[in-house]
Protein chains: 2
Amino acid sequence: MNDALQPLNLKEERRLQLLDAATELLAKRPTASLAEIAEHTRISKATLHRYFASRDALLTALAVRALALVSAALADCRLSEGAAPAALRRLIEALIPLGDKFYFLLNEHLWNVHPDLVAAEQATEVPIMQLIQRGQAEGSLRADLPVAWIMYTLEFTVFAAWQAIYDGNIARRDAAHLVLESLLGGIIAKA
Amino acid sequence: MNDALQPLNLKEERRLQLLDAATELLAKRPTASLAEIAEHTRISKATLHRYFASRDALLTALAVRALALVSAALADCRLSEGAAPAALRRLIEALIPLGDKFYFLLNEHLWNVHPDLVAAEQATEVPIMQLIQRGQAEGSLRADLPVAWIMYTLEFTVFAAWQAIYDGNIARRDAAHLVLESLLGGIIAKA
DNA sequence: CTCATATGAGATAAAATAGTCTCAAATGAG
DNA sequence: CTCATTTGAGACTATTTTATCTCATATGAG
């Protein structure tokens, strides 16, 4: 699965560029037709079909790539090392640029078509969950909030940041800071 | 638009039940076909068409109802009264059960079809934005986080709660408390 | 420049979804 | 119970989306 991260020839590079542009659009508009995806990626329908034989092939490629990138990011973050808040920071910084891909992994409508990838997707959740548990055990994260809930709020806040960047409402360079501040410290002013 | 909240005859009651069930499914799976919506709502395709003449009619009804319910909830919350944190609490408590409808209002893929409702949707954002601004001016909400970002994180956290309830991962009765705690106070343990 | 390859536009076919309709059965009120 | 209304199943039609293909043009490497 790390094949998705190997150095590539030009055509493969282009294919991934198209795939990433398609992912963006599909994150914003899951109902987009292939004609709309072609338009968004600035290629003709025929060319889109040359790169991805079918809608299913496109969605599969998307899922595989999302899994590979998120898994690699998680591994790079070494979530089991260092204090939990610092690890969480590394995680958030890594995930924001992958917000659309991360969003796809979290949504069930893709998995209906690709149940074979479900186990791999669930495997991406394990290190995050363990990090939260570790933080609670260490006393650095609140233990009164259920782990499951912390995961939801983390995941949705990361996607909110991706969306806010995409919409042009926050600057990319500010995003991680904003997520960290609001998620970790909350929005209430300190006394 | 408050017509959507008037006492109803039995058939209209049933129609709204169907509409609400369809809204749930479409929040989880925007690509659901009418056949899938019919199955989810436990009626036949023919009956679905009897209640909503077309997919467009269904989506329009959904948007109109979502707008009516969210607008009414916002009005009930009297966001300009009382301290900002208390008003925020009332807001969150009101919005969670409307999470699927709120999510729809925030997403662009519906408005492509119904640009006429865009102004009304944007009007629902104004009292929320004003509340945040008021909180910042009063010093109860952090002024270092942009208003736009606070709105994103609020909206996505509310939807996260709706989703978590729908998935069976948190209890409905706990949801508002969890949102308030994590959003307002953050997830870092207090020293 | 040449030439191999990639691409777009648009026509066409196939598949899926949306929409329409009929009639028997189910439902609910009186 | 009767009877008016609603519903489901499924056949059928219409529309949209997906997929396929051709050929002229564009592109890029040498």
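Throughout, a chain's letter reflects where its sequence line sits, starting with A, and its residues are numbered from 1. Nothing here was measured: the structure is a model prediction, and the numbers come from that model.
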Parallel, tilted or perpendicular, as decided by the 30° and 60° cut-offs, for the rings of B:Phe156 and A:Phe159: perpendicular
Comparing B:Lys11 and A:Ser33 on DNA chain D - which has the more 5′ nearest nucleotide: B:Lys11
Separation of [N] [atom2] from [X] [atom1] (nearest whole Å):
| X | N | atom1 | atom2 | answer |
| --- | --- | --- | --- | --- |
| B:Glu39 | C:dT17 | CD | C1' | 15 Å |
| A:Leu18 | C:dA6 | CG | P | 13 Å |
| B:Leu48 | D:dG10 | CG | C1' | 16 Å |
| A:Ile43 | C:dA9 | CD1 | P | 11 Å |
| A:Ile37 | D:dA19 | CD1 | C1' | 14 Å |
| A:Arg14 | D:dT27 | CZ | P | 12 Å |
| B:Arg15 | D:dT7 | CZ | P | 13 Å |
| B:Leu34 | D:dT16 | CG | C1' | 13 Å |

Side chain of [X] (C-beta onward), nearest among [options]:
| X | options | answer |
| --- | --- | --- |
| A:Arg50 | C:dA9, D:dT18, C:dA18 | C:dA9 |
| A:Arg55 | D:dA9, C:dA9, D:dA19 | D:dA19 |
| A:Ala46 | D:dT6, D:dC21, D:dA9 | D:dC21 |
| B:Ser44 | D:dT7, D:dG8, C:dG8 | D:dG8 |
| A:His49 | C:dA18, D:dA19, D:dG8 | D:dA19 |

A:Glu12 with A:Arg15: basic N within carboxylate O range, under 4.0 Å: yes
Short N-O contact, B:Lys45 and B:Glu39, less than 4.0 angstrom: no
Base D:dG8 paired with B:Lys45 side chain (donor-acceptor, <3.5 Å): no
Phosphate OP1/OP2 of C:dG8: any A:Thr47 side-chain N/O under 4.0 Å: yes
Distance test, side-chain N/O of B:Tyr51 to OP1/OP2 of D:dT7, below 4.0 Å: yes
Within 6.0 Å of CZ in B:Arg78, more than 12 heavy atoms from elsewhere: yes
Passing candidate, side chain to side chain contact (heavy atoms under 4.5 Å, CB included) with B:Tyr152, options A:Asp167, A:Thr157, A:Ile170: A:Asp167
